[in-house]
*Asks:* 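One structure, pasted below without further comment.
Values below: every heavy atom of this structure, side chains too, minus hydrogens, waters and symmetry copies. For this chain, numbers begin at 1 and follow the sequence in order.
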Amino acid sequence: MENLNYAIIGNCKSAALLSDTGSIDWCCLPDFNSASIFAKILDEKKGGSFEIIVDDTYTIKQQYVRTTNIVSTIFDNGTDKFELIDFMPRFQDGNGGHYTPSDIIRYIRYHKGKPQFSVKYDPKLEYAKYPTTSVVEEEYIKSYTTEGDYDSLYLYTDLNKHDLLFGESITLKQDAFVLLSYDQKLLEQTLDKQYLKFQKTKVYWLQWADKIPKYALYNDRIIRSALVLKLLSYDKTGAVLAAATTSLPETIGEERNWDYRFCWIRDASMVIKVMSTLGHPTTVKRFIDFIIDIIPDKGEKIQIMYGINKEKNLTEVILDHLEGYKGSYPVRIGNAAYIQKQNDIYGILMDVIYQEFTHFKVSLEISESLWTITRSIVRIVEENWEKPDKGIWEIRTEEKHFTFSKLLCWVAVDRAIKIAQIVHKKKYVELWQPLADKIKEDIIVNAWNDEVGAFTQFYGSEDMDASVLLMEPYGFIDAKDVRYVKTVLVTEKELCKDGLMYRYKNKDDFGLPSSSFTICTFWQINALIAIGERSKARAMFDQLLSYSNHLGLFSEDIDFETKRLLGNFPQAYSHLALIETAMNFSKGKITEEEQILHALEEED
């Protein structure tokens with residue numbers, strides 16, 4: 001079975017996907033949201049790739065260099081052996097910042113024998129819309145198009161450039177390197193310089209991961225997911241991407257294909273909440289700054305998503321020359337969902353601002369900006385909470401009174417009240433409390449369905465929705481409340497199939513959903529923990545973890561039948577939920593005794 005067996009490498013400027021055979025099948029340079037230079041993942045014939053090709057005698061084994069975002073792919077036939085070390089440089093530059101060029105370094109480490117391979121270097125600039133020409137020049141191989149806006153791409157190497165470009169057999173006798181860059185280099189590129197970048201990047205990631213608290217259970221899974229979330233953060237602005245890709249389908253052959261290289265306030269806010277728990281306040285602070293910058297005016301409408309450089313217009317375009325992942329047309333860039341009205345966004349944002357006030361020292365200037373945003377959000381919620389919207393799942397047709405949207409409107413006012421208490425604005429506490437109470441009562445009365453015996457997807461609905469499980473984590477209802485317990489059990493009964501969850505099962509714009517939305521399974525597991533079904537939850541969690549790819553990474557969806565990963569990859573939403581769930585099984589830092597027990601458990 002084919003699967004999304006890809007590693008992600010990156011440096012918080014851009015990223016690349018590397019197949020389990022060492023082929024770069026997706027990369028956009030110079031930034032995450034730039035046009036692709038390799039897009040084989042979206043069209044095997046036209047998309048372009050950067051492959052290392054060996055004969056059938058070699059076995060190929062891939063793994064991350066421990067607690068880093070550096071990938072090691074080993075090619076070994078018993079007699080001949082070499083290693084491909086792939087990374088994008090990221091390390092401190094000595095001036096308080098980070099060195100993060102738009103580069104991919106492929107350090108080829110010689111192990112033994114006379115390993116032979118050839119290279120398929122086939123960049124297709126600007127989403128392969130126009131012909132790309134590659135030529136050997138004195139210092140580098142230059143790739144360019146004569147049409148479109150993309151300038152050029154440079155490949156530096158100490159291998160024979162002609163042999164590399166034309167796919168000739170290469171015999172490795174010592175370490176070598178390939179450096180792929182969006183920018184022309186000013187200094188001579190040598191093997192020693194690439195080795196130094198490798199070591200500096202390795203140290204950076206080791207030190208970054210070392211700040212994460214150690215947990216008694218699933219510690220390695222928590223670290224790997226945290227490293228993924230860090231890769232999906234964009235240094236320049238503080239934005240957090242939903243995923244590194246576009247148009248990987250929720251179901252093979254269907255049209256549920258979207259561009260996720262944007263900052264959804266909902267996804268990013270949840271990522272930030274997790275990152276603050278993991279001991280990385282800088283990421284949190286940068287995202288808060290991003291939020292303040294994109295909401296400059298008191299009355300300005302808050303979008304559900306923004307471009308990573310704070311763009312507000314995310315017009316959706318179809319690239320009709322690409323066939324799509326496994327033929328799943330269309331391929332989209334941009335995302336029309338940016339114009340949607342989703343009332344849950346206000347609660348998500350307020351919850352993060354509340355976290356900022358409670359977890360960090362906030363300057364007077366920032367406090368005043370956040371307080372202005374807080375008052376603006378409450379005013380917007382007061383004007384809009386009784387109106388229908390598109391909901392968390394971005395239904396593109398009819399608007400409804402979605403329970404989750406109403407829940408998050410309550411969260412917005414509840415957190416605003418808590419913030420008002422922190423900044424000693426008692427008048428606002430008294431002013432806003434009746435609104436919070438009114439929204440809560442409205443949900444209790446209208447979202448509950450007596451016949452179903454649970455809170456349902458929207459007012460008057462008989463359908464279940466996994467997002468309703470978040471009532472308890474957001475503090476709306478106690479885990480012991482019989483209504484929540486019943487909702488958890490009915491949700492499991494209606495939406496769970498072979499240990500995986502639908503987000504909902506009723507028909508939407510594109511028909512009936514046919515794949516599992518990964519984060520919903522994590523939500524169900526957490527809900528089971530909350531109501532005391534810990535053993536069932538643990539078994540469900542372990543089963544879900546077994547469906548990750550060969551490096552422990554998750555996409556957005558999982559096929560119910562084949563268990564293959566589907567949807568955009570890697571998905572921030574999935575990995576933040578993995579971390580939250582793992583921490584729920586393992587509260588607090590690991591003790592020495594727990595470490596021994598965990599080691600014994602792993603051996604079993």
*Asks:* Check whether more than 12 heavy atoms from other residues, nucleotides or ligands sit under 6.0 Å from atom CD of Q92, and answer yes or no.
*Replies:* no
*Asks:* Are any of the side-chain nitrogens in D351 or R415 under 4.0 Å away from the carboxylate oxygens of its partner?
*Replies:*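 Salt bridge: yes.
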*Asks:* Could you verify whether a donor N or O on one side chain and an acceptor N or O on the other, from D389 and S405, lie under 3.5 Å apart?
*Replies:*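 D389 vs S405: donor-acceptor pair found between side chains.
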*Asks:* In terms of side-chain heavy atoms, does N309 have a donor or acceptor partner in Y234 at a distance below 3.5 Å?
*Replies:*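 Judged by distance alone, the side chains do pair up.
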*Asks:* Hey, mind stepping through R332 and L319 against side-chain contact (heavy atoms from CB on, under 4.5 Å) and telling me if it holds?
*Replies:* CA-CA 6 Å; R332 309 174 201 260; L319 300 179; over 6 Å; no
*Asks:* Could you tell me whether the side chain of T403 and the main chain of V468 form a donor-acceptor pair under 3.5 Å?
*Replies:* no
*Asks:* Is there side-chain contact between V413 and Y346, with heavy atoms separated by less than 4.5 Å?
*Replies:* no
*Asks:* Can a side-chain donor-acceptor contact be found between Y260 and E556 if the only test is distance below 3.5 angstrom?
*Replies:*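 There is such a pair between these side chains.
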*Asks:* Distance check, rounded to the nearest 0.5 Å: Q207 atom CD versus T67 atom OG1?
*Replies:* 11.0 Å
*Asks:* Using modelled atom types only, decide if a donor and an acceptor are shared between the side chain of S14 and the backbone of C28 within a distance under 3.5 Å.
*Replies:*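 Here the side-chain-to-backbone pair exists.
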*Asks:* Any side-chain heavy-atom pair from T237 and D293 closer than 4.5 angstrom?
*Replies:*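 The answer is no, as the side chains (C-beta and beyond) never meet within the 4.5 Å cut-off.
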*Asks:* How long is the gap from CD1 on I417 to CG on L435, to the nearest 0.5 Å?
*Replies:*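 Nearest 0.5 Å value for the CD1-CG distance: 7.5 Å.
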*Asks:* Flag the pair L528 / R534 as yes when at least one side-chain heavy-atom distance between them is below 4.5 Å, and no otherwise.
*Replies:*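 No, their side chains stay 4.5 Å or more apart.
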*Asks:* When the ring planes of W523 and F404 are compared, do they come out parallel, tilted or perpendicular, using 30° and 60° as the limits?
*Replies:*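 Aromatic pair W523/F404 classed parallel.
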*Asks:* Looking at W371 versus Y428, is the centre-to-centre ring distance below 6.0 Å?
*Replies:* yes
*Asks:* Are K406 and Y459 in a cation-pi setup, meaning NZ or CZ lies under 6.0 angstrom from the ring centre and within 45 degrees of the ring axis?
*Replies:*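 Ring-cation test returns yes.
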*Asks:* Of all heavy-atom pairs between Q571 and A243, which one has the smallest distance, and what is that distance?
*Replies:* OE1-CB, 3.7 Å
*Asks:* Counting N and O atoms only, with roles assigned by atom type, does the side chain of W258 sit under 3.5 Å from a partner on the main chain of A336, one being a donor and the other an acceptor?
*Replies:*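 No; judged by distance alone, with no hydrogens or angles, the pair does not exist.
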*Asks:* Indicate the atoms forming the closest heavy-atom contact of L231 with I9, along with that distance.
*Replies:* CD1-C, 4.1 Å
*Asks:* So E311 and N33, do their side chains get closer than 4.5 Å, heavy atoms only?
*Replies:* yes
*Asks:* Starting at OG1 of T68, measure out to CZ of R90 and round the result to the nearest 0.5 Å.
*Replies:*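 Reported value, rounded in 0.5 Å steps: 13.5 Å.
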*Asks:* Is any side-chain heavy atom of F262 closer than 4.5 Å to a side-chain heavy atom of I308?
*Replies:* no
*Asks:* D31 and side-chain hydrogen bond (donor to acceptor under 3.5 Å, both in side chains): which partner among R261, K236, K13?
*Replies:* K13
*Asks:* Taking 4.0 angstrom as the limit, do K505 and D463 come out as a salt bridge?
*Replies:*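 Result for this pair is no, no salt bridge flagged.
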*Asks:* Taking salt bridge (Lys or Arg N to Asp or Glu O under 4.0 Å) as the cut-off, I'd like each qualifying pair that reaches into residues 432-449, sequence neighbours left out, listed once.
*Replies:* none
*Asks:* Is a donor from one side chain sitting under 3.5 angstrom from an acceptor on the other, for S548 and R221?
*Replies:*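 Short answer, yes.
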*Asks:* Can you give me the closest heavy-atom contact between F554 and H575, atom names plus distance?
*Replies:* N-NE2, 3.0 Å
*Asks:* Could you pull out the closest heavy-atom pair between L4 and G567, with the gap in Å?
*Replies:*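 Scanning both residues completely, I find the closest heavy atoms to be CD1-O, 3.7 Å.
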*Asks:* Determine whether I345 and L349 make a side-chain contact, defined as any pair of heavy atoms from C-beta on separated by less than 4.5 Å.
*Replies:* no
*Asks:* Where the side chain of H280 meets the backbone of A209, is there a donor-acceptor pair that is under 3.5 Å apart?
*Replies:* no
*Asks:* Can you confirm whether or not the ring centre of F541 sits under 6.0 Å from the ring centre of Y218?
*Replies:* yes
*Asks:* When you measure from the side chain of N335 to the backbone N and O of D259, does any donor-acceptor pair fall under 3.5 Å?
*Replies:*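 Yes: the side chain of N335 pairs with the backbone of D259.
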*Asks:* Quick check with a 6.0 Å cut-off and a 45 degree axis cone: is R503 positioned over the face of W393's six-membered ring?
*Replies:*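 Yes, R503 lies over the aromatic ring of W393.
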*Asks:* If I take atom OH from residue Y573 and atom OG from residue S555, how far apart are they, to the nearest 0.5 angstrom?
*Replies:*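 Rounded to the nearest 0.5 Å, the OH-OG separation comes out at 15.0 Å.
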*Asks:* Locate the shortest heavy-atom distance separating A436 from W410; write the atom from each residue and the value.
*Replies:*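 Heavy-atom minimum between the residues: O-CD1, 3.2 Å.
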*Asks:* State the CG-OG1 distance between N446 and T456, to the nearest 0.5 angstrom.
*Replies:* 10.0 Å
*Asks:* Evaluate the side-chain contact (heavy atoms from CB on, under 4.5 Å) criterion for residues L576 and S225: first the C-alpha distance (whole Å), next the side-chain angles of each, then the deciding distance (0.1 Å), finally the verdict.
*Replies:* CA-CA 7 Å; L576 74 90; S225 290; over 6 Å; no
*Asks:* Listed by chain and number, what are the ring-ring contact (aromatic ring centres under 6.0 Å, His included) partners of Y502, not counting sequence neighbours?
*Replies:*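 Only F560 meet the ring-ring contact (aromatic ring centres under 6.0 Å, His included) criterion with Y502.
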*Asks:* Without swapping roles, check the side chain of S586 against the backbone of A582 for a donor-acceptor pair under 3.5 Å.
*Replies:* no
*Asks:* Kindly check if the number of other-residue, nucleotide or ligand heavy atoms within 6.0 Å of NZ (K211) is above 12?
*Replies:*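 Atom NZ in K211 is not packed in, count stays at 12 or less.
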*Asks:* When you look at L29 and M88, which way does the side-chain contact (heavy atoms from CB on, under 4.5 Å) test go after all the steps?
*Replies:* CA-CA 12 Å; L29 289 181; M88 297 183 73; 4.1 Å; yes
*Asks:* Take V352 and I265, measure what side-chain contact (heavy atoms from CB on, under 4.5 Å) needs, and give me the verdict at the end.
*Replies:* CA-CA 10 Å; V352 171; I265 300 300; over 6 Å; no
*Asks:* Where do M540 and M501 come nearest, in terms of heavy atoms and distance?
*Replies:* CE-CG, 4.2 Å
*Asks:* Could you check if a side-chain atom of Y306 sits within less than 4.5 angstrom of a side-chain atom of L314, using non-hydrogen atoms only?
*Replies:*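 Side-chain contact under 4.5 Å: no.
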*Asks:* Regarding N584 and N526, is there a side-chain donor-to-acceptor distance under 3.5 Å anywhere?
*Replies:* yes
*Asks:* Verify the neighbour count for atom NZ of K425: are there more than 12 heavy atoms of other residues, nucleotides or ligands below 6.0 Å?
*Replies:* no
*Asks:* Using atom types as modelled and distance alone, determine if a side-chain donor or acceptor of N257 lies under 3.5 Å from a backbone N or O of S328.
*Replies:* yes
*Asks:* In terms of side-chain geometry, is the basic nitrogen of K418 or D414 positioned less than 4.0 Å from the acidic oxygen of its partner?
*Replies:* yes
*Asks:* State whether a side-chain donor-acceptor pair under 3.5 Å links N449 with E462.
*Replies:* no
*Asks:* Within the structure provided, determine whether I477 and F455 are in side-chain contact (heavy-atom separation under 4.5 Å).
*Replies:* yes
*Asks:* Nearest 0.5 angstrom please: L17 CG to L248 CG, how far?
*Replies:*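 If we round to the nearest 0.5 Å, L17:CG and L248:CG are 8.0 Å apart.
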*Asks:* Is it true that a side-chain atom of N219 and a backbone atom of A216 form a donor plus acceptor pair closer than 3.5 Å?
*Replies:* no
*Asks:* Is there a donor-acceptor pair under 3.5 Å between the side chain of N384 and the backbone N or O of N343?
*Replies:* no
*Asks:* Would a distance-only check, ignoring hydrogens and angles, find a side-chain to backbone donor-acceptor pair under 3.5 Å from Y474 to G347?
*Replies:*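 Side chain of Y474 to backbone of G347, a donor-acceptor pair under 3.5 Å: no, none is there.
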